[in-house]
Each structure stands twice: as C-alpha cells, then as structure tokens.
Amino acid sequence: MANIFPIKVLVIISNIVLLLSFSQLSTAIDTITQFQSLDDGNTLVSNNGTFELGFFRPSTSTNRYVGIWYKNIPRRIVWVANRDNPIKDNSSNSTMLIINKEGNLVLLTNNNQTLVWSTNITTQSLSSTSSHVAQLLDNGNFVIKDKNNSFLWQGFDFPCDTLLPDMKLGWDLKTGHNRRLTSWKNWDDPSSGNLTWDMVLSSNPETFLKKESFDFYRSGPWNGVGFSGAPEVSATPIVEQKFVNNSNEVYYTYSLVNMSTVSIIYLNQSSSTRKRVTWISNDNEWKNVESEPRDSCDAYNLCGPYGNCISTNSPLCECLDGFTPKSQEDWDTYNWTQGCVRKIQLSTKCTVNDGFKNFSGLKLPETTHTWVDAKMTIEDCKKKCLKNCSCTAYSHLDVRGNGSGCCLWFGDLIDLKQVSSVNPNLYVRVNASAIDSNEEVSGGNKKSHTLTIAITIPLVIVFLLVIIVFYIYKRKRKQRGKEDKSKNIILTKMKEEEQDFELPFFDLSTMIDATNNFSNDNKLGEGGFGPVYKGILAQERREIAVKRLSRSSKQGTREFKNEVILCSKLQHRNLVKVLGCCIQGEERMLIYEYMPNKSLDSFIFDPVRKKLLDWSKRFNIICGIARGLLYLHQDSRLRIIHRDLKPSNILLDSDMNPKISDFGLAKICGDDQVEGNTNKVVGTHGYMAPEYAIDGLFSIKSDVFSFGILLLEIVSGKKNKGLTYENNNHNLVGHAWRLWKEGNSKELIDDCFEDSFILSEALCCIQVGLLCLQRHPNNRPNMTSVLVMLTNETVLAHPKEPGFIIERDSTEGNSTTENLISSSINGVTISLLDAR
C-alpha cells in the first residue's frame, strides 16, 4: 500500500499537466511544444491576432489540409503545408499536428499510423530536440525554433501561391534552395498548378512567370528602384521593395509602409496572372493594385529580337530605330517572331566602325547572356562593350542618382517593351553610319562619322525638297478633285474638333474587292447600324470583318466618329481590334479583325451549339468580359462607359476568347468622372440599368448592371428578355432571385453541363451577377471587385433585390403592378421594383 500512494500522486499530477496543456489549446495560443498536439478543430493564432493556422476543407472538396489564413478577413488561404498530399480520411478526430522525438513537425492521421507531411530538419541529439517549439509568428511565418530562438525551419522557405510581406522570392545560394510561388490547381484544389513565379539566376537576375515550362512574362532586371518591366510596382506607395544579390542569396522581398495595411501578392491560375491585392476594410473587399501581365506587350518576346512592343500602337510591334523587319512578309501579317535586323550590318572591324544608339524608356532586354560590374563607370562600360565584338548593348546597372554600374548584353536583344518607368538608357550597338547626326557616336571612327554627316546632310535636304514639291502638287490636285469631297468635309470637321483618328484609312475599292462587292455570301450578320461582311485583304491575305453603316441607320456621323475615335485609342486582348476605317462619299465603314466564332449569343442561346461551350470556356468568357470592362472603366487612356453590353456585342475568337465590340453608343468620361446623364436613352432593353432606363443616368455601374444580366445568361443559357418561367412568370432576373432566396441557385445552371462543371464557381457567378443587379448603383460592386470575387476564394456579400424584375400575368400577358412601379419609356413598359 505504501508504494501505491506515490504512484497515484504521480498519475494525478501528470493528468493535471496534460489538462493544463490541452486547456491552453482551447484559448488563443501560437505555439506547439513536444507536450502538445494540434488536433483537427483547434487552431493556432499569432500573438497579434492577424494570422490563424489550422485544418481547413475547400468548399466543394472532401480533402482536408493544414493551412494559414488571415483571422479577421474572410478566409484567404496564404500557405498550405500538405498541399500535394491531402488528408482523405474523413475521421477528423484521428488527425493531429505534433513535434516528434526527432524535433520535426509532422502531420499524422489514422490514429498516428500514417505520416501525411513533415518538416525536414536534420536529426539532432534527443536532448536538444526536446526544446523545439513550433510557433505562428505575427507576419504569418510558421517556424520551428530551438532553445536559443534560432529558426531551424520556416514556412516562408516553402511558399505556396502567396508572397506575404517579408517573405523571400529567390535562391539560397549556399543550400541551392529555390523559394518560388506555385499556383493552386484550381479554385478548390490547393495542389501545385502549372503557373509558377520564380527568380531566374544570371549575372543580372530577374523574375519570370511560367506556365508549365513556357516563359510568358518577364519582370526585367532590377534597376535599383524596381524591376524594369513593372513600373506599377515601383510606383505603389503602400509597399517598400527590396532586392538582394550577393554570394549567399538572390531574392526579392517587400514590406508594408503602413503596418495597418494588408497587401499580398498571389498567383491566379484561372487568369494566369500575378496579382498584388490590398484589403479595403471599409468596403470589405480585396482591391487589385496591379497585375502582370498587364497588356499584350507583356507577352514574352512578342516582337522577336530587336522588336519593340508599344501597347498604345497598332500594330503593337515596331523595330528599334536603325533596324528593319527580318521578314517583311511575316511582319505585315502580324507575325513578329523573327524580329528585326540591322539596316546596316556591323563591320568586321567592330572597334573602328561601330557606335551605339541611345534608347530610353525601354524594359531592359532579357539578361540570360549578360555580364555586370556594380562599380564600373558608364564610360568604362562603353569601352568594354566596344572592345568585345560580341557585345550588342550596354547600360547602367542602377538608375539612382546619376546612374552607376555596368551591364553588358551578348547576342540578340529580346523581349523589349516601351514602359513608363524610369529605366537606364540602353545603348545598342549599330554601324556608326546608322547614327543620326545629332546623336553622340559612342565609340567608332569619328572621322568616318564626320564624312558620313557631310554626305548625308545634303542628301537629306534634297530629299526634303522633293517631299515638299510632291506635297504641294498633291494638295493642289486634291483641291481640284471632287472624288473625296465628303471625306474631306468629315476629316476637316474632326480636325476642327481636335479629334485624332489614329487609324489607317482604306479605299472603297479595297473594301469592294475584299468583300466581293458586299456579296450576300460574305454577309456575317445584320446589326442595328447596318450589315457586317467577311472580307479578305488581297495583299495581306488577312481575314477581316467590315461593318458597313446603313444609309438608313440611326447611327449618324457623330456615333460613327465616336466609335472610330474610341477604337483607335483602345488596346486590350478582350476588346475587338479595329484595323482601320473607310470614309468615301456617303460610305462609312469600320474594319475589324475577323472573329471566326461570331458572337456569344449564337452559342449560348442555341440548343445545339451551346454544348460547345463547356463550363471552363464559359467561365473564361465571363472573366474575359470582366477584364475588358475593367480596362474600359479604369485602365484605358480614357474612362469609357459602353452602354450597350449584351451577348451579340461579345465576339469570340478561334480559341473562344471573348472580345467586347460595338462602341457606337459608348461615352467618354474624364479621368475623375464616373457618371453622366442624357436626354436620349439608347441601348437594348433587357440589359439597361434602372437609373439609365428611367432617368437617363449612365455610369460605370450601369455597365456593371448589364454585366450582371450577361453573367446570368451565360450561366443559365437563357435570355433575360422575352422568356418567362413556370410557376412564377418572372423574367430571368426574377427567376434567379427567387431561386437564390430559396437556396436553389443550382437549378439556374444550364442543363447541358449535366455534372461537368465546378459548382462553387457557378454558384459564385450567380451570386456575383445578383450583386451586379442591385437597384441602387452604389450597392453594386465595381469591376475591380467583380474580378476579385470571380477569381478569388472570398466570402461574398448578400445581394439585395435586383433592380428590374418583370412579372407577367399568365393569362393576359400584362405586367403585374403589385409591389412594382411601372414606367413607360419609348413605348416600352418596364417594371421597376419598389425600393420602399
């Protein structure tokens, strides 16, 4: 009996210790020791309450993962431990995260029988590992520390799809470890996708976005302030960037200027982009600050060697000054892959006859084949490049101050782009005779160059005189001629109004030849403003679409001019590209790129063809339209309100990518203007917002309303206008609203999908559509928020009743008036929900 008492006391004491240790897990703790475990259902919370670590299950998946998320923000997962090895056992009480006797953090399931995930700390003595502690830090880093508080392992070394502040993107050169981001496979699957962002090592490192093994976006090298191809990041006031390149590490990181701000960078698999987003607490939403790729010119090496991409130009690519297309035939058909070559080839005596042409405002070329010296002056840099005949260009390494350091390029210069950021001047090697007289000959034989100038100047003067004489002759001939009188009148009016077409003109004869004299066999369709024909430009063998304004059309010179001016200034992959216009006599035409799949309505409303648009294609179309609208509302040179967004104005290219078209009714607003009003309500009933249809008030939010209608039509495959539904006689908006209130939104999804769609995405689209359709414009999200909601895992707000719900009497076909306000507009009765 004497021996039993001490044993009982020991048991009681040990039980008390266990109870105390487990009771700690019920409160907000941030550590796990070897005397504790984290079970499914419990969480760790960082000391400042910002981050939380625990088990989670994606909304439509049965798999479970250990991850980290923001505690006080609708769940956004920023790190996943076992992303590629999910827990498939449905018994949550048999899963735990513990520190084992070797001091590693391990994830066990099946009552500790199955190892799911583990850290990889090198085995140490058992006495030292007993002091290991796993802790969730205030910056979101999950670490294992020893008794000296030294980090033995940290989650920041193994990022997933999100780069948090203070996290490093890049290489530990001592261990060879590469910290890179890899996207989620899809919305509900955090396993590794095929989109990656990492640091590519060279003498002058830079980051690349890759899809599988293909490069499709390059940041450009670091210029001391930011990456040369990403001006938006450098200009972001909320973050401070840092780039480290030494013998131990090469990495990029950033910190927040204001610690109360929440801002992250993540990879979006569905849109193949890298985004920086900031949490706006007042609006309870994530706001997109910047995104790469931003435009078509961000596509990797779009213009080939020595080709410069200018996003505001049409066509996008042009050769650097002193260079010419390697294949003019390919260049004319917009195939720029072969790039450009020097007009005057380099001499074999490179140190005698070569010089350097100065280019400013360029994203610096790819740095795979470069050499750098951080201490060399620019003069010594020039001399070193000149002495090496393989050196094709040089520049400063750092733009700060007056510039410092030296970078030499060898081989062709690729992936050039005109950017707005401050970048070092790029000095490109050319034959000295190709350098203008007012340029400095950065090397080469100055005596030879002086002789060249002496010969060139008289030739230029003679050439200019010939041009002047020819111009005077042509001007007089035009004044005598009457053939293009109408065209001249229109152009004169436009010049008086200080408008600039910035589009090439095509002759009427060219259009007649291209369309076989506007043959009915070439007719693609009939719009409100006239027919559209398919054509082929004989010289380029390029397919085009010709919109011919009908003489009886309601679209007059003002609307046509509006569309021409807008199309000349808008360049985006989700807007239809306008190649030119034709104004001759009474003829007015716009020439577009040809869209082989015609318009969206020809698919989604056709019982047979709609099956060709599976869910992934429809979701891609939804996101593409949203990106196009965001560009019009926010990112273009002008703020544009489309005013006529509908399926027939969404064209599809050969890959089913959407392109917004028809800008005849669009309105241009100032940079700080977001709305306007008109006495003439134009557009298409069924897609107009209430405030526009009733009061003529249009804004970016009236476009958002139209997008909401469009979104519901794409998901359901049914029209909003002209259809009613059994049991309620509502239009599509009312039908969708009723189903959402009843929790049966799944019934709205197009039957042709059967079960081959992602339910969470489809339900998200329906809810986003209803949010876009709220009666009051201020309650509708902007397109930035719409894109964030569509492409991110966020908790969506609950929509209020939509602005237009049409309910028809089943016997008489008239609109009911109960709880509705009726208003007659242009002879059409529209019923508006009573907001009271």
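Only this structure's heavy atoms are used, side chains among them; waters, hydrogens and symmetry mates stay out.
Nearest approach of L771 to A797, heavy atoms of both residues: CD2-O, 3.7 Å. Nearest heavy-atom pair across E240 and V257 is N-CG2, 4.1 Å. The two residues L790 and W187 come nearest to each other via the heavy atoms O-CZ3, 2.8 Å. Minimum interatomic distance between D398 and G224 (heavy atoms only, all atoms of both residues): OD1-CA, 3.5 Å. The shortest non-hydrogen separation linking G220 to S228 is CA-OG, 3.5 Å. Shown here for C385 and T392, the closest heavy-atom pair between the two residues is SG-N, 4.4 Å.
Judged by distance alone, with hydrogens and angles left aside, the side-chain atoms of N82 form no donor-acceptor pair with the main-chain N or O of V116 at under 3.5 Å. Looking only at distances, no side-chain donor or acceptor of S360 sits under 3.5 Å from a matching main-chain atom of N425. Between the T367 side chain and the N204 main chain, a donor and an acceptor come within less than 3.5 Å of each other. Judged by distance alone, the side chain of S61 and the main-chain N or O of N63 form a donor-acceptor pair under 3.5 Å. At distances below 3.5 Å, at least one donor-acceptor pair connects side-chain atoms of N423 with backbone N or O atoms of L362. No donor-acceptor distance shorter than 3.5 angstrom exists from the side chain of H396 to the backbone of P424, with no hydrogens or angles considered. A donor-acceptor pair is defined here as one N or O able to donate and one able to accept, closer than 3.5 Å; no such pair exists between the side chain of D215 and the backbone of F208.
A donor-acceptor contact closer than 3.5 angstrom links the side chains of N268 and T791. When only modelled atom types and interatomic distance are considered, T109 and T95 share a side-chain donor-acceptor pair under 3.5 Å. T377 and D380 share a donor-acceptor pair across their side chains, judged by distance under 3.5 Å alone. Between the side chains of T43 and E52, at least one donor N or O lies within less than 3.5 Å of an accepting N or O. Checking Y252 against Q241 by side-chain atom types alone, a donor-acceptor pair falls below 3.5 Å. A donor-acceptor contact closer than 3.5 angstrom links the side chains of T273 and S271. Between the side chains of S785 and K287, no donor N or O sits under 3.5 Å from an acceptor N or O. Of the N and O atoms on the side chains of N100 and E102, at least one donor lies less than 3.5 Å from an acceptor on the other residue. A donor-acceptor contact closer than 3.5 angstrom is absent between the side chains of W184 and Q269. For the 3.5 Å distance criterion, the side chains of Q634 and T784 qualify, holding a donor opposite an acceptor. Side-chain contact check for S59 and D188: at least one donor-acceptor pair (N or O, by modelled atom type) lies under 3.5 Å.
Going from atom NZ of K417 over to atom OH of Y300 covers 15.0 Å, rounded to the nearest 0.5 Å. With rounding to the nearest 0.5 angstrom, the CG atom of N178 is 11.0 Å from the CG atom of D157. A distance of 8.5 Å separates CG of N288 from CG of N792, quoted to the nearest 0.5 Å. For the atom pair CZ of R274 and OG1 of T207, the computed distance is 5.5 Å after rounding to the nearest 0.5 Å.
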One pair to check against side chain to side chain donor-acceptor pair (under 3.5 Å): T62 and K88. What are the steps and the verdict? CA-CA 7 Å; T62 59; K88 296 184 179 293; over 6 Å; no
After noting the C-alpha distance and the side-chain angles of S192 and D84, does the key distance pass the side chain to side chain donor-acceptor pair (under 3.5 Å) rule? CA-CA 7 Å; S192 299; D84 291 313; 2.9 Å; yes
Go through the steps to decide whether L181 and T196 satisfy the test side-chain contact (heavy atoms from CB on, under 4.5 Å), and finish with yes or no. CA-CA 6 Å; L181 297 192; T196 60; over 6 Å; no
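Between E249 and K168 there is a salt bridge, with a side-chain nitrogen of the basic residue lying less than 4.0 Å from a carboxylate oxygen of the acidic one.
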Donor-acceptor pairs under 3.5 Å, side chain of residues 407-415 to any protein atom, not counting sequence neighbours: which ones?
{"from": "W409", "atom 1": "NE1", "to": "P365", "atom 2": "O", "distance (Å)": "3.4"}
{"from": "W409", "atom 1": "NE1", "to": "E366", "atom 2": "O", "distance (Å)": "3.2"}
{"from": "D415", "atom 1": "OD1", "to": "N301", "atom 2": "N", "distance (Å)": "3.0"}
{"from": "D415", "atom 1": "OD2", "to": "R218", "atom 2": "NE", "distance (Å)": "2.7"}
{"from": "D415", "atom 1": "OD2", "to": "R218", "atom 2": "NH2", "distance (Å)": "3.3"}
{"from": "D415", "atom 1": "OD2", "to": "K363", "atom 2": "NZ", "distance (Å)": "3.3"}

Give the table of side-chain donor-acceptor pairs shorter than 3.5 Å for residues 134-145, with sequence neighbours excluded, one pair per line with atom names and distance.
{"from": "Q135", "atom 1": "OE1", "to": "K145", "atom 2": "NZ", "distance (Å)": "2.5"}
{"from": "Q135", "atom 1": "NE2", "to": "D30", "atom 2": "OD2", "distance (Å)": "3.1"}
{"from": "D138", "atom 1": "OD1", "to": "N47", "atom 2": "N", "distance (Å)": "3.1"}
{"from": "D138", "atom 1": "OD1", "to": "N48", "atom 2": "N", "distance (Å)": "3.0"}
{"from": "N139", "atom 1": "OD1", "to": "N141", "atom 2": "N", "distance (Å)": "3.0"}
{"from": "N141", "atom 1": "OD1", "to": "G155", "atom 2": "N", "distance (Å)": "3.3"}
{"from": "N141", "atom 1": "OD1", "to": "F156", "atom 2": "N", "distance (Å)": "3.0"}
{"from": "N141", "atom 1": "ND2", "to": "Q154", "atom 2": "OE1", "distance (Å)": "2.6"}
{"from": "K145", "atom 1": "NZ", "to": "N149", "atom 2": "OD1", "distance (Å)": "3.4"}

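Both tests hold for R76 against W286: distance to the six-membered ring centre under 6.0 Å, angle to the ring axis within 45°.
Note on residues 159-181: pairs passing ring pair (Phe, Tyr, Trp, His ring centres under 6.0 Å), not counting sequence neighbours, are F158-H177.
Residue N246 qualifies as enclosed at atom CG: its count of foreign heavy atoms under 6.0 Å is above 12.
By the ring-ring contact (aromatic ring centres under 6.0 Å, His included) test, W222 pairs with F227, F243, sequence neighbours left out. Annotation: ring-ring contact (aromatic ring centres under 6.0 Å, His included) contacts of F56 (sequence neighbours excluded): Y65. Remark: N284 pairs with no residue by the side-chain hydrogen bond (donor to acceptor under 3.5 Å, both in side chains) rule, at least two apart or across chains.
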